[in-house]
**Student:** 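One structure, as C-alpha coordinates, below. Some questions next.
Note on naming: letters A, B, ... go to the chains in the order of the sequence lines (proteins, then strands), and numbering restarts at 1 for each one.
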Protein chains: 2
Amino acid sequence: MSASSSPLAEFVVGVDNVIFSVDTDQNRLLVLLVRRQQFPFAGYWSLPGTLVRQGESLEAAAYRTLAEKIRVNNLYLEQLYTFDEPAGERRETPRRYLSVSYFALVRFADAELIAAAESPVQWFALNACPDLAFDHSKILAYGHRRLCNKLEYSPVAFDVLPEYFTLNDLYQFYSAVLGANFADYSNFRSRLLKLGILQDTQQKVIRGAGRPATLYRFNREAFAPLKDKPLVFV
Amino acid sequence: MSASSSPLAEFVVGVDNVIFSVDTDQNRLLVLLVRRQQFPFAGYWSLPGTLVRQGESLEAAAYRTLAEKIRVNNLYLEQLYTFDEPAGERRETPRRYLSVSYFALVRFADAELIAAAESPVQWFALNACPDLAFDHSKILAYGHRRLCNKLEYSPVAFDVLPEYFTLNDLYQFYSAVLGANFADYSNFRSRLLKLGILQDTQQKVIRGAGRPATLYRFNREAFAPLKDKPLVFV
DNA sequence: ACAAAAGTGTTCCAGGTACACCCATGG
DNA sequence: CCATGGGTGTACCTGGAACACTTTTGT
(Lines give C-alpha, C1' and ligand atoms only; values in the text may rest on other atoms or scores of the structure.)
Protein backbone atom coordinates (compact mmCIF):
# COMPACT_ATOMS: atom_id res chain seq x y z
CA MET A 1 0.00 0.00 0.00
CA SER A 2 2.97 2.32 0.54
CA ALA A 3 5.22 3.70 -2.15
CA SER A 4 7.77 0.94 -2.29
CA SER A 5 11.48 1.08 -2.61
CA SER A 6 11.70 -1.76 -5.13
CA PRO A 7 9.50 -2.21 -8.19
CA LEU A 8 6.22 -4.06 -7.96
CA ALA A 9 5.62 -7.34 -9.69
CA GLU A 10 3.08 -7.48 -12.47
CA PHE A 11 1.00 -10.58 -12.60
CA VAL A 12 -1.02 -12.65 -14.92
CA VAL A 13 -3.46 -14.68 -12.90
CA GLY A 14 -4.58 -18.15 -13.85
CA VAL A 15 -7.25 -20.36 -12.43
CA ASP A 16 -6.74 -24.11 -12.08
CA ASN A 17 -9.61 -26.39 -11.21
CA VAL A 18 -9.54 -29.63 -9.30
CA ILE A 19 -12.76 -31.18 -10.56
CA PHE A 20 -13.92 -34.28 -8.74
CA SER A 21 -16.76 -36.60 -9.45
CA VAL A 22 -17.88 -39.91 -8.02
CA ASP A 23 -18.98 -42.86 -10.05
CA THR A 24 -21.11 -44.61 -7.47
CA ASP A 25 -21.70 -47.60 -9.72
CA GLN A 26 -18.04 -48.43 -9.94
CA ASN A 27 -17.26 -46.97 -6.57
CA ARG A 28 -14.53 -44.75 -7.95
CA LEU A 29 -13.42 -41.25 -7.15
CA LEU A 30 -12.64 -39.43 -10.39
CA VAL A 31 -10.73 -36.32 -11.30
CA LEU A 32 -10.97 -34.45 -14.59
CA LEU A 33 -7.74 -33.90 -16.49
CA VAL A 34 -6.80 -32.38 -19.81
CA ARG A 35 -3.87 -33.27 -21.98
CA ARG A 36 -1.53 -30.41 -22.74
CA GLN A 37 -0.60 -29.80 -26.34
CA GLN A 38 1.86 -26.95 -26.04
CA PHE A 39 5.15 -26.24 -24.41
CA PRO A 40 5.86 -26.59 -21.58
CA PHE A 41 4.86 -30.05 -20.45
CA ALA A 42 3.40 -30.94 -23.85
CA GLY A 43 1.87 -34.40 -23.67
CA TYR A 44 1.42 -34.27 -19.92
CA TRP A 45 -1.95 -34.32 -18.27
CA SER A 46 -2.87 -31.31 -16.19
CA LEU A 47 -5.72 -29.71 -14.31
CA PRO A 48 -8.10 -27.72 -16.48
CA GLY A 49 -7.13 -24.08 -16.22
CA THR A 50 -7.39 -20.72 -17.86
CA LEU A 51 -6.08 -17.20 -17.59
CA VAL A 52 -8.28 -14.54 -16.05
CA ARG A 53 -9.61 -12.02 -18.53
CA GLN A 54 -10.33 -8.36 -18.15
CA GLY A 55 -13.50 -7.71 -16.22
CA GLU A 56 -13.82 -11.37 -15.27
CA SER A 57 -13.90 -12.38 -11.63
CA LEU A 58 -11.80 -15.26 -10.38
CA GLU A 59 -14.84 -17.37 -9.74
CA ALA A 60 -16.25 -16.55 -13.17
CA ALA A 61 -13.00 -17.75 -14.70
CA ALA A 62 -13.28 -20.96 -12.73
CA TYR A 63 -16.81 -21.53 -13.98
CA ARG A 64 -15.76 -20.74 -17.54
CA THR A 65 -12.97 -23.32 -17.44
CA LEU A 66 -15.38 -25.86 -16.14
CA ALA A 67 -17.96 -25.06 -18.77
CA GLU A 68 -15.39 -25.38 -21.54
CA LYS A 69 -14.69 -28.98 -20.53
CA ILE A 70 -17.96 -30.43 -19.32
CA ARG A 71 -21.65 -29.73 -19.44
CA VAL A 72 -23.06 -30.21 -15.99
CA ASN A 73 -26.04 -28.92 -14.06
CA ASN A 74 -25.24 -29.81 -10.50
CA LEU A 75 -22.02 -28.89 -8.90
CA TYR A 76 -20.29 -27.46 -5.90
CA LEU A 77 -17.41 -25.04 -6.28
CA GLU A 78 -15.13 -23.23 -3.87
CA GLN A 79 -11.73 -21.62 -3.83
CA LEU A 80 -8.89 -23.86 -2.77
CA TYR A 81 -5.55 -22.13 -2.47
CA THR A 82 -3.34 -19.65 -4.25
CA PHE A 83 -0.06 -21.04 -5.46
CA ASP A 84 2.95 -18.96 -6.12
CA GLU A 85 5.36 -20.09 -8.73
CA PRO A 86 8.33 -21.54 -6.92
CA ALA A 87 11.19 -19.07 -6.74
CA GLY A 88 13.37 -21.29 -8.91
CA GLU A 89 10.98 -21.70 -11.80
CA ARG A 90 9.88 -18.13 -11.69
CA ARG A 91 10.52 -16.34 -14.94
CA GLU A 92 10.08 -12.67 -14.21
CA THR A 93 9.63 -11.79 -17.86
CA PRO A 94 7.38 -10.38 -18.99
CA ARG A 95 4.90 -10.99 -16.18
CA ARG A 96 4.75 -13.29 -13.25
CA TYR A 97 2.19 -16.08 -13.04
CA LEU A 98 -0.07 -16.72 -10.11
CA SER A 99 -2.39 -19.70 -9.89
CA VAL A 100 -5.61 -19.48 -7.92
CA SER A 101 -6.94 -22.99 -7.63
CA TYR A 102 -10.56 -23.94 -7.29
CA PHE A 103 -12.10 -27.13 -6.12
CA ALA A 104 -15.26 -28.54 -7.69
CA LEU A 105 -17.48 -31.54 -7.20
CA VAL A 106 -19.86 -32.39 -10.02
CA ARG A 107 -22.68 -34.84 -10.46
CA PHE A 108 -21.37 -37.75 -12.46
CA ALA A 109 -24.63 -38.83 -14.02
CA ASP A 110 -25.21 -35.66 -16.02
CA ALA A 111 -21.61 -34.61 -16.56
CA GLU A 112 -21.04 -34.67 -20.27
CA LEU A 113 -17.47 -34.22 -21.40
CA ILE A 114 -16.86 -31.79 -24.21
CA ALA A 115 -14.47 -33.55 -26.51
CA ALA A 116 -12.23 -31.23 -28.44
CA ALA A 117 -9.67 -32.57 -30.85
CA GLU A 118 -7.05 -30.06 -29.74
CA SER A 119 -7.45 -30.72 -26.04
CA PRO A 120 -8.46 -34.20 -24.93
CA VAL A 121 -10.28 -34.27 -21.63
CA GLN A 122 -10.86 -37.35 -19.54
CA TRP A 123 -11.87 -38.68 -16.14
CA PHE A 124 -9.14 -40.46 -14.20
CA ALA A 125 -9.59 -42.63 -11.15
CA LEU A 126 -7.75 -40.78 -8.46
CA ASN A 127 -5.67 -43.80 -7.57
CA ALA A 128 -4.63 -44.31 -11.20
CA CYS A 129 -3.60 -40.79 -11.90
CA PRO A 130 -0.52 -39.95 -13.98
CA ASP A 131 2.11 -37.43 -12.97
CA LEU A 132 0.77 -34.02 -13.79
CA ALA A 133 2.27 -30.96 -15.42
CA PHE A 134 3.64 -28.07 -13.34
CA ASP A 135 2.87 -28.44 -9.65
CA HIS A 136 -0.56 -29.80 -10.37
CA SER A 137 0.00 -33.04 -8.51
CA LYS A 138 0.51 -30.97 -5.39
CA ILE A 139 -2.66 -29.01 -6.06
CA LEU A 140 -4.57 -32.20 -6.65
CA ALA A 141 -3.40 -33.69 -3.38
CA TYR A 142 -4.43 -30.53 -1.61
CA GLY A 143 -7.84 -30.67 -3.27
CA HIS A 144 -8.34 -34.26 -2.23
CA ARG A 145 -7.73 -33.42 1.39
CA ARG A 146 -10.25 -30.61 1.13
CA LEU A 147 -12.78 -32.93 -0.44
CA CYS A 148 -12.48 -35.40 2.42
CA ASN A 149 -12.98 -32.66 4.99
CA LYS A 150 -15.90 -31.13 3.16
CA LEU A 151 -17.61 -34.46 2.98
CA GLU A 152 -17.33 -35.07 6.68
CA TYR A 153 -18.57 -31.72 7.83
CA SER A 154 -20.98 -30.50 5.20
CA PRO A 155 -23.68 -31.92 3.01
CA VAL A 156 -21.93 -31.42 -0.33
CA ALA A 157 -22.71 -34.99 -1.25
CA PHE A 158 -26.32 -34.05 -1.78
CA ASP A 159 -25.39 -31.37 -4.29
CA VAL A 160 -24.04 -34.09 -6.43
CA LEU A 161 -26.06 -37.21 -5.87
CA PRO A 162 -29.17 -37.72 -7.96
CA GLU A 163 -32.20 -36.10 -6.40
CA TYR A 164 -33.55 -39.47 -5.34
CA PHE A 165 -31.05 -41.92 -3.94
CA THR A 166 -30.87 -44.96 -1.75
CA LEU A 167 -28.92 -45.06 1.46
CA ASN A 168 -26.62 -47.47 -0.19
CA ASP A 169 -25.89 -44.95 -2.95
CA LEU A 170 -24.96 -42.49 -0.28
CA TYR A 171 -22.78 -45.03 1.45
CA GLN A 172 -21.03 -45.94 -1.79
CA PHE A 173 -20.43 -42.27 -2.41
CA TYR A 174 -18.77 -41.76 0.93
CA SER A 175 -16.67 -44.86 0.75
CA ALA A 176 -15.49 -44.03 -2.76
CA VAL A 177 -14.11 -40.76 -1.47
CA LEU A 178 -12.98 -41.65 2.02
CA GLY A 179 -11.67 -45.05 1.13
CA ALA A 180 -13.80 -47.71 2.79
CA ASN A 181 -12.06 -47.34 6.11
CA PHE A 182 -14.89 -45.70 7.93
CA ALA A 183 -18.06 -46.67 9.74
CA ASP A 184 -19.87 -49.82 8.72
CA TYR A 185 -23.01 -49.63 6.66
CA SER A 186 -25.63 -50.15 9.34
CA ASN A 187 -24.15 -47.56 11.65
CA PHE A 188 -23.86 -45.13 8.78
CA ARG A 189 -27.55 -45.72 8.11
CA SER A 190 -28.76 -45.04 11.60
CA ARG A 191 -26.61 -41.96 12.03
CA LEU A 192 -27.81 -40.39 8.81
CA LEU A 193 -31.43 -41.21 9.50
CA LYS A 194 -31.25 -39.89 13.02
CA LEU A 195 -30.09 -36.51 11.72
CA GLY A 196 -33.55 -36.15 10.27
CA ILE A 197 -32.40 -34.50 7.08
CA LEU A 198 -33.40 -37.31 4.76
CA GLN A 199 -36.94 -37.47 3.52
CA ASP A 200 -38.37 -40.92 3.00
CA THR A 201 -40.23 -40.89 -0.30
CA GLN A 202 -42.29 -44.01 0.06
CA GLN A 203 -40.94 -45.26 -3.24
CA LYS A 204 -38.83 -48.34 -3.63
CA VAL A 205 -36.36 -49.27 -6.27
CA ILE A 206 -35.22 -52.74 -7.28
CA ARG A 207 -31.70 -53.27 -8.53
CA GLY A 208 -31.03 -56.91 -9.36
CA ALA A 209 -31.52 -59.39 -6.56
CA GLY A 210 -32.26 -58.45 -3.01
CA ARG A 211 -34.84 -56.51 -1.13
CA PRO A 212 -36.00 -53.26 -2.75
CA ALA A 213 -34.32 -50.12 -1.41
CA THR A 214 -36.12 -47.03 -0.21
CA LEU A 215 -35.52 -43.83 -2.12
CA TYR A 216 -34.68 -40.79 -0.07
CA ARG A 217 -34.16 -37.16 -0.89
CA PHE A 218 -32.24 -34.48 0.93
CA ASN A 219 -34.47 -32.22 2.97
CA ARG A 220 -32.91 -28.75 2.77
CA GLU A 221 -35.46 -27.19 5.08
CA ALA A 222 -34.71 -29.70 7.79
CA PHE A 223 -31.01 -29.14 7.35
CA ALA A 224 -31.11 -25.33 7.44
CA PRO A 225 -31.16 -25.02 11.24
CA LEU A 226 -28.22 -27.41 11.51
CA LYS A 227 -26.08 -25.34 9.18
CA ASP A 228 -22.65 -24.53 10.55
CA LYS A 229 -23.34 -26.53 13.64
CA PRO A 230 -20.52 -28.95 14.32
CA LEU A 231 -22.16 -32.06 12.92
CA VAL A 232 -20.44 -34.95 11.36
CA PHE A 233 -21.64 -36.98 8.42
CA VAL A 234 -19.33 -39.88 8.67
CA MET B 1 -3.72 -21.56 -20.90
CA SER B 2 -5.12 -21.18 -24.41
CA ALA B 3 -4.81 -18.11 -26.59
CA SER B 4 -7.89 -16.26 -25.51
CA SER B 5 -10.44 -14.35 -27.48
CA SER B 6 -10.66 -11.44 -25.06
CA PRO B 7 -7.73 -9.64 -23.49
CA LEU B 8 -6.19 -10.86 -20.28
CA ALA B 9 -6.35 -8.88 -17.08
CA GLU B 10 -3.12 -7.53 -15.63
CA PHE B 11 -2.84 -7.65 -11.92
CA VAL B 12 -1.09 -6.04 -9.07
CA VAL B 13 -1.14 -8.43 -6.14
CA GLY B 14 -1.36 -7.33 -2.56
CA VAL B 15 -1.01 -9.24 0.65
CA ASP B 16 -3.20 -8.46 3.65
CA ASN B 17 -2.45 -9.98 7.01
CA VAL B 18 -4.84 -10.88 9.77
CA ILE B 19 -2.48 -10.88 12.72
CA PHE B 20 -3.85 -12.26 15.95
CA SER B 21 -2.37 -12.41 19.37
CA VAL B 22 -3.66 -13.41 22.76
CA ASP B 23 -3.09 -11.48 25.93
CA THR B 24 -3.53 -14.28 28.43
CA ASP B 25 -3.24 -11.93 31.40
CA GLN B 26 -6.25 -9.90 30.37
CA ASN B 27 -7.88 -12.82 28.61
CA ARG B 28 -8.32 -10.89 25.38
CA LEU B 29 -8.01 -11.86 21.75
CA LEU B 30 -6.22 -9.12 19.86
CA VAL B 31 -5.86 -8.19 16.23
CA LEU B 32 -3.25 -5.85 14.80
CA LEU B 33 -4.50 -2.89 12.79
CA VAL B 34 -2.87 0.08 11.10
CA ARG B 35 -4.41 3.46 10.51
CA ARG B 36 -4.54 4.53 6.88
CA GLN B 37 -3.19 7.95 5.99
CA GLN B 38 -3.95 8.13 2.28
CA PHE B 39 -6.93 8.03 0.02
CA PRO B 40 -9.02 5.94 -0.11
CA PHE B 41 -10.32 5.29 3.38
CA ALA B 42 -7.93 7.78 4.96
CA GLY B 43 -8.35 7.74 8.72
CA TYR B 44 -9.82 4.23 8.74
CA TRP B 45 -8.13 1.32 10.39
CA SER B 46 -7.17 -1.56 8.15
CA LEU B 47 -5.27 -4.82 8.10
CA PRO B 48 -1.53 -4.45 7.57
CA GLY B 49 -0.82 -5.07 3.92
CA THR B 50 1.64 -4.50 1.16
CA LEU B 51 2.05 -4.94 -2.56
CA VAL B 52 4.09 -7.83 -3.83
CA ARG B 53 7.42 -6.81 -5.31
CA GLN B 54 9.37 -8.29 -8.17
CA GLY B 55 11.07 -11.51 -7.23
CA GLU B 56 9.26 -11.68 -3.90
CA SER B 57 7.08 -14.64 -3.07
CA LEU B 58 3.62 -14.16 -1.62
CA GLU B 59 4.69 -15.59 1.66
CA ALA B 60 7.78 -13.41 1.74
CA ALA B 61 5.59 -10.38 1.22
CA ALA B 62 3.42 -11.50 4.11
CA TYR B 63 6.46 -11.84 6.36
CA ARG B 64 7.76 -8.46 5.25
CA THR B 65 4.49 -6.75 6.14
CA LEU B 66 4.56 -8.39 9.49
CA ALA B 67 8.16 -7.42 10.12
CA GLU B 68 7.46 -3.81 9.23
CA LYS B 69 4.88 -3.57 11.98
CA ILE B 70 6.11 -5.76 14.80
CA ARG B 71 9.22 -7.46 16.00
CA VAL B 72 8.39 -10.98 17.03
CA ASN B 73 10.22 -14.26 17.29
CA ASN B 74 7.48 -16.81 17.57
CA LEU B 75 4.65 -16.96 15.17
CA TYR B 76 2.48 -19.11 13.02
CA LEU B 77 1.55 -18.03 9.50
CA GLU B 78 -0.57 -19.52 6.78
CA GLN B 79 -2.46 -18.39 3.73
CA LEU B 80 -6.08 -17.57 4.27
CA TYR B 81 -7.99 -16.75 1.11
CA THR B 82 -7.68 -14.79 -2.10
CA PHE B 83 -10.15 -11.98 -2.46
CA ASP B 84 -11.17 -10.54 -5.73
CA GLU B 85 -12.20 -6.95 -5.83
CA PRO B 86 -15.95 -6.90 -6.06
CA ALA B 87 -17.08 -6.33 -9.63
CA GLY B 88 -18.64 -3.00 -8.71
CA GLU B 89 -15.58 -1.46 -7.10
CA ARG B 90 -13.26 -2.83 -9.67
CA ARG B 91 -11.37 -0.10 -11.46
CA GLU B 92 -9.81 -1.72 -14.49
CA THR B 93 -7.28 1.06 -14.91
CA PRO B 94 -4.46 0.72 -15.01
CA ARG B 95 -4.23 -2.73 -13.38
CA ARG B 96 -6.56 -4.84 -11.38
CA TYR B 97 -5.93 -5.49 -7.71
CA LEU B 98 -5.96 -8.89 -6.11
CA SER B 99 -5.64 -9.45 -2.38
CA VAL B 100 -4.10 -12.63 -1.04
CA SER B 101 -4.77 -12.68 2.66
CA TYR B 102 -2.62 -14.37 5.26
CA PHE B 103 -3.43 -15.35 8.75
CA ALA B 104 -0.90 -15.07 11.56
CA LEU B 105 -0.76 -15.81 15.24
CA VAL B 106 2.06 -14.25 17.22
CA ARG B 107 3.35 -14.57 20.74
CA PHE B 108 2.11 -11.62 22.69
CA ALA B 109 4.87 -11.48 25.25
CA ASP B 110 7.67 -10.70 22.82
CA ALA B 111 5.67 -8.86 20.18
CA GLU B 112 7.04 -5.37 20.05
CA LEU B 113 5.11 -2.89 17.95
CA ILE B 114 7.11 -0.72 15.61
CA ALA B 115 5.70 2.73 16.07
CA ALA B 116 5.99 4.90 12.99
CA ALA B 117 4.67 8.42 13.01
CA GLU B 118 3.23 8.08 9.51
CA SER B 119 1.40 4.85 10.15
CA PRO B 120 0.09 4.17 13.62
CA VAL B 121 -0.19 0.53 14.48
CA GLN B 122 -2.12 -0.86 17.41
CA TRP B 123 -3.63 -3.97 18.97
CA PHE B 124 -7.40 -4.04 19.15
CA ALA B 125 -9.52 -6.39 21.19
CA LEU B 126 -11.46 -8.32 18.61
CA ASN B 127 -14.75 -7.49 20.23
CA ALA B 128 -13.95 -3.79 20.23
CA CYS B 129 -12.85 -3.47 16.67
CA PRO B 130 -13.77 -0.50 14.48
CA ASP B 131 -15.16 -0.76 10.97
CA LEU B 132 -12.28 -1.42 8.67
CA ALA B 133 -11.27 -0.03 5.31
CA PHE B 134 -12.06 -1.88 2.07
CA ASP B 135 -13.52 -5.33 2.68
CA HIS B 136 -11.14 -5.92 5.55
CA SER B 137 -13.91 -6.56 8.06
CA LYS B 138 -14.94 -9.50 5.94
CA ILE B 139 -11.38 -10.78 5.78
CA LEU B 140 -11.02 -10.39 9.52
CA ALA B 141 -14.19 -12.37 10.16
CA TYR B 142 -12.90 -15.09 7.87
CA GLY B 143 -9.60 -15.12 9.70
CA HIS B 144 -11.27 -15.45 13.05
CA ARG B 145 -13.19 -18.49 11.94
CA ARG B 146 -9.95 -20.04 10.73
CA LEU B 147 -8.27 -19.29 14.01
CA CYS B 148 -10.99 -21.07 15.94
CA ASN B 149 -10.73 -24.12 13.73
CA LYS B 150 -6.95 -24.21 13.87
CA LEU B 151 -7.02 -24.06 17.60
CA GLU B 152 -9.35 -26.99 17.91
CA TYR B 153 -7.53 -29.29 15.54
CA SER B 154 -3.89 -28.37 15.72
CA PRO B 155 -1.39 -27.38 18.31
CA VAL B 156 -0.80 -23.81 17.11
CA ALA B 157 -1.28 -22.58 20.65
CA PHE B 158 2.11 -23.95 21.57
CA ASP B 159 3.81 -21.95 18.85
CA VAL B 160 2.71 -18.88 20.61
CA LEU B 161 2.61 -19.59 24.31
CA PRO B 162 5.78 -19.09 26.32
CA GLU B 163 7.95 -22.18 26.32
CA TYR B 164 6.99 -22.97 29.90
CA PHE B 165 3.36 -22.46 30.79
CA THR B 166 0.83 -23.58 33.32
CA LEU B 167 -2.30 -25.45 32.39
CA ASN B 168 -4.22 -22.41 33.41
CA ASP B 169 -2.27 -20.27 30.93
CA LEU B 170 -3.28 -22.72 28.26
CA TYR B 171 -6.87 -22.66 29.40
CA GLN B 172 -6.95 -18.85 29.42
CA PHE B 173 -5.54 -18.89 25.93
CA TYR B 174 -8.24 -21.16 24.61
CA SER B 175 -11.06 -19.36 26.31
CA ALA B 176 -9.83 -15.98 25.10
CA VAL B 177 -10.11 -17.20 21.53
CA LEU B 178 -13.10 -19.50 21.71
CA GLY B 179 -15.09 -17.35 24.04
CA ALA B 180 -15.47 -19.14 27.38
CA ASN B 181 -18.29 -21.30 26.09
CA PHE B 182 -16.38 -24.53 26.01
CA ALA B 183 -15.31 -27.27 28.39
CA ASP B 184 -14.76 -26.45 32.02
CA TYR B 185 -11.30 -26.17 33.41
CA SER B 186 -10.96 -29.54 35.08
CA ASN B 187 -12.16 -31.45 32.01
CA PHE B 188 -9.84 -29.40 29.85
CA ARG B 189 -7.01 -30.37 32.16
CA SER B 190 -7.59 -34.06 32.08
CA ARG B 191 -8.10 -34.17 28.33
CA LEU B 192 -4.89 -32.32 27.59
CA LEU B 193 -2.88 -34.35 30.05
CA LYS B 194 -4.25 -37.60 28.71
CA LEU B 195 -2.99 -36.72 25.24
CA GLY B 196 0.50 -37.14 26.62
CA ILE B 197 1.96 -34.24 24.70
CA LEU B 198 2.69 -32.07 27.69
CA GLN B 199 5.88 -32.58 29.58
CA ASP B 200 5.75 -31.99 33.30
CA THR B 201 8.83 -30.01 34.25
CA GLN B 202 8.86 -30.57 37.97
CA GLN B 203 8.96 -26.83 38.48
CA LYS B 204 6.27 -24.85 40.17
CA VAL B 205 5.38 -21.22 39.85
CA ILE B 206 3.55 -19.05 42.36
CA ARG B 207 1.34 -16.25 41.16
CA GLY B 208 -0.27 -14.40 44.06
CA ALA B 209 -2.42 -16.45 46.35
CA GLY B 210 -3.28 -20.04 45.74
CA ARG B 211 -1.48 -23.29 45.28
CA PRO B 212 1.60 -23.17 43.05
CA ALA B 213 1.03 -24.30 39.48
CA THR B 214 3.08 -26.85 37.61
CA LEU B 215 4.98 -25.64 34.60
CA TYR B 216 4.60 -27.70 31.46
CA ARG B 217 6.18 -27.59 28.07
CA PHE B 218 4.96 -28.88 24.74
CA ASN B 219 6.57 -32.16 23.79
CA ARG B 220 6.99 -32.06 20.00
CA GLU B 221 8.40 -35.56 19.81
CA ALA B 222 5.38 -37.01 21.59
CA PHE B 223 3.08 -35.06 19.33
CA ALA B 224 4.72 -36.04 16.03
CA PRO B 225 2.98 -39.42 15.69
CA LEU B 226 -0.38 -37.79 16.35
CA LYS B 227 0.08 -35.26 13.59
CA ASP B 228 -2.83 -35.05 11.17
CA LYS B 229 -4.73 -37.60 13.19
CA PRO B 230 -8.20 -36.37 13.92
CA LEU B 231 -7.60 -35.22 17.45
CA VAL B 232 -9.35 -32.43 19.20
CA PHE B 233 -7.84 -29.98 21.63
CA VAL B 234 -10.94 -28.46 23.02
C1' DA C 1 -8.93 -19.25 59.74
C1' DC C 2 -10.27 -18.14 55.34
C1' DA C 3 -9.93 -17.11 50.47
C1' DA C 4 -7.87 -18.29 46.24
C1' DA C 5 -5.94 -21.04 42.89
C1' DA C 6 -4.33 -25.87 41.53
C1' DG C 7 -5.41 -30.38 40.98
C1' DT C 8 -8.24 -35.08 41.58
C1' DG C 9 -12.12 -37.98 41.37
C1' DT C 10 -16.91 -39.55 40.52
C1' DT C 11 -21.24 -39.97 38.44
C1' DC C 12 -24.08 -39.65 34.56
C1' DC C 13 -25.20 -39.94 29.76
C1' DA C 14 -24.79 -39.49 24.61
C1' DG C 15 -23.02 -41.49 20.89
C1' DG C 16 -19.94 -44.62 18.39
C1' DT C 17 -18.54 -49.74 17.24
C1' DA C 18 -19.29 -54.22 16.29
C1' DC C 19 -22.00 -57.32 15.57
C1' DA C 20 -26.21 -60.56 15.13
C1' DC C 21 -30.36 -60.96 13.18
C1' DC C 22 -34.76 -60.25 10.41
C1' DC C 23 -37.00 -58.89 5.66
C1' DA C 24 -38.02 -58.94 0.73
C1' DT C 25 -36.84 -60.02 -3.72
C1' DG C 26 -34.63 -62.79 -7.93
C1' DG C 27 -33.12 -67.08 -9.71
C1' DC D 1 -34.99 -72.52 -0.95
C1' DC D 2 -30.99 -70.11 -1.10
C1' DA D 3 -28.20 -66.20 -2.35
C1' DT D 4 -28.32 -61.24 -2.31
C1' DG D 5 -28.84 -56.90 -0.81
C1' DG D 6 -31.95 -53.87 2.48
C1' DG D 7 -33.00 -52.84 7.05
C1' DT D 8 -33.45 -53.29 12.48
C1' DG D 9 -31.84 -54.11 17.07
C1' DT D 10 -28.70 -54.80 20.90
C1' DA D 11 -24.75 -55.09 23.97
C1' DC D 12 -20.58 -52.91 24.91
C1' DC D 13 -17.52 -49.18 25.52
C1' DT D 14 -15.35 -44.66 25.13
C1' DG D 15 -15.28 -40.11 26.07
C1' DG D 16 -17.42 -35.77 27.28
C1' DA D 17 -20.28 -32.74 30.90
C1' DA D 18 -21.11 -31.42 35.31
C1' DC D 19 -19.72 -30.92 39.70
C1' DA D 20 -18.04 -32.20 44.32
C1' DC D 21 -13.98 -32.47 46.72
C1' DT D 22 -8.98 -32.17 48.23
C1' DT D 23 -4.42 -29.76 48.35
C1' DT D 24 -1.34 -25.91 48.84
C1' DT D 25 -0.39 -21.46 49.02
C1' DG D 26 -1.07 -16.01 50.61
C1' DT D 27 -3.08 -12.80 53.87
Side-chain angles (χ1 to χ4, degrees), chain A residues 24-27 148 151-153 161-162 164-176 178-217 226 229-234, chain B residues 24-27 148 151-153 161-162 164-176 178-217 226 229-234:
Chain A
T24 34
D25 288 342
Q26 296 199 57
N27 204 36
C148 294
L151 223 56
E152 297 190 30
Y153 299 116
L161 281 170
Y164 298 94
F165 52 86
T166 70
L167 279 171
N168 198 43
D169 290 339
L170 191 56
Y171 183 70
Q172 295 306 325
F173 186 93
Y174 272 91
S175 44
L178 301 178
N181 48 351
F182 71 107
D184 85 9
Y185 175 60
S186 72
N187 292 326
F188 179 81
R189 276 186 64 82
S190 22
R191 213 165 336 127
L192 262 290
L193 290 176
K194 196 165 48 171
L195 287 177
I197 58 176
L198 297 184
Q199 187 182 40
D200 180 339
T201 78
Q202 302 293 339
Q203 304 173 54
K204 307 283 178 184
V205 62
I206 297 178
R207 311 221 260 243
R211 176 173 174 176
T214 307
L215 285 175
Y216 290 88
R217 53 183 307 213
L226 305 176
K229 299 284 168 247
L231 96 176
V232 173
F233 282 85
V234 32
Chain B
T24 34
D25 288 341
Q26 295 199 56
N27 203 38
C148 293
L151 222 55
E152 297 189 31
Y153 299 116
L161 280 170
Y164 298 95
F165 52 85
T166 69
L167 280 171
N168 197 44
D169 290 339
L170 190 56
Y171 182 69
Q172 295 307 325
F173 186 93
Y174 272 90
S175 44
L178 301 177
N181 48 351
F182 72 108
D184 85 9
Y185 175 61
S186 73
N187 292 326
F188 178 81
R189 276 185 64 84
S190 21
R191 212 163 338 125
L192 262 291
L193 289 175
K194 195 167 46 172
L195 287 176
I197 59 178
L198 296 184
Q199 188 182 42
D200 180 340
T201 77
Q202 302 293 340
Q203 305 173 55
K204 306 284 177 183
V205 62
I206 297 178
R207 310 223 259 244
R211 178 173 172 173
T214 308
L215 284 175
Y216 291 87
R217 53 184 307 209
L226 304 176
K229 299 284 169 246
L231 96 174
V232 173
F233 282 84
V234 32

**Student:** Given side chains that start at C-beta, do those of A/Thr166 and A/Tyr171 come closer than 4.5 Å, heavy atoms only?
**Tutor:**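 Heavy-atom side-chain distance check fails, nothing below 4.5 Å.
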**Student:** Measure OH/B/Tyr171 against C1'/C/dA5 and give the value in whole Å, please.
**Tutor:**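 One finds 14 Å between C1' of C/dA5 and OH of B/Tyr171, rounded.
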**Student:** Identify, with sequence neighbours excluded, every residue that meets side-chain hydrogen bond (donor to acceptor under 3.5 Å, both in side chains) alongside A/Ser190.
**Tutor:**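 None.
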**Student:** Can you give me the closest heavy-atom contact between A/Asn27 and A/Gln172, atom names plus distance?
**Tutor:** OD1-O, 3.1 Å
**Student:** May I ask you to list the residues of residues 203-213 of chain B, by number, that have any heavy atom positioned under 4.0 Å from an atom of DNA chain C?
**Tutor:**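 Within residues 203-213 of chain B, the residues near DNA chain C are B/Ala209, B/Gly210, B/Arg211, B/Pro212, B/Ala213.
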**Student:** Mind checking side-chain hydrogen bond (donor to acceptor under 3.5 Å, both in side chains) for A/Arg211 and listing every partner two or more places apart, or none if nothing turns up?
**Tutor:** none
**Student:** Tell me the closest heavy-atom pair linking A/Leu215 and A/Tyr164, and the distance in Å.
**Tutor:** CD2-C, 4.1 Å
**Student:** To check you understand the geometry: which heavy-atom pair defines the closest contact between A/Leu170 and A/Phe188, and what is its length?
**Tutor:** CG-CZ, 3.9 Å
**Student:** Side-chain contact test, heavy atoms from C-beta onward, threshold under 4.5 Å: evaluate it for B/Ile197 versus B/Phe233 and give yes or no.
**Tutor:** yes
**Student:** Evaluate the criterion side chain to side chain contact (heavy atoms under 4.5 Å, CB included) for residue pair A/Arg217 and A/Leu198; output intermediate values, then yes/no.
**Tutor:** CA-CA 6 Å; A/Arg217 53 183 307 213; A/Leu198 297 184; over 6 Å; no
**Student:** Quick one: ring-ring contact (aromatic ring centres under 6.0 Å, His included) partners of A/Phe173, sequence neighbours excluded?
**Tutor:**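 Per chain and number, A/Phe173 pairs via ring-ring contact (aromatic ring centres under 6.0 Å, His included) with no residue.
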**Student:** Can you measure A/Phe188 atom CZ to C/dC19 atom C1' for me and round it to whole angstrom units?
**Tutor:**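 Distance, rounded to whole Å: 19 Å.
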**Student:** Give a yes/no on whether any side-chain N or O of B/Thr214 is located under 4.0 angstrom from OP1 or OP2 of C/dA6.
**Tutor:**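 No, B/Thr214 has no side-chain N/O under 4.0 Å of OP1/OP2 on C/dA6.
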**Student:** Can you build the contact string for nucleotides 11-17 of chain C? Use B for base contact, S for sugar-phosphate-only contact, and - for no protein heavy atom under 4.0 Å.
**Tutor:** -----SB
**Student:** Where does the chain B footprint on DNA chain D start and end, counting 5' to 3' with a 4.0 Å heavy-atom cut-off?
**Tutor:**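 Answer, 5' to 3': D/dG16 to D/dG26.
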**Student:** Taking all non-hydrogen atoms of both residues, which atom of A/Asp200 and which atom of A/Thr214 are closest, and how far apart?
**Tutor:**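 A/Asp200 and A/Thr214 have their closest heavy atoms at OD1-CG2, 3.2 Å.
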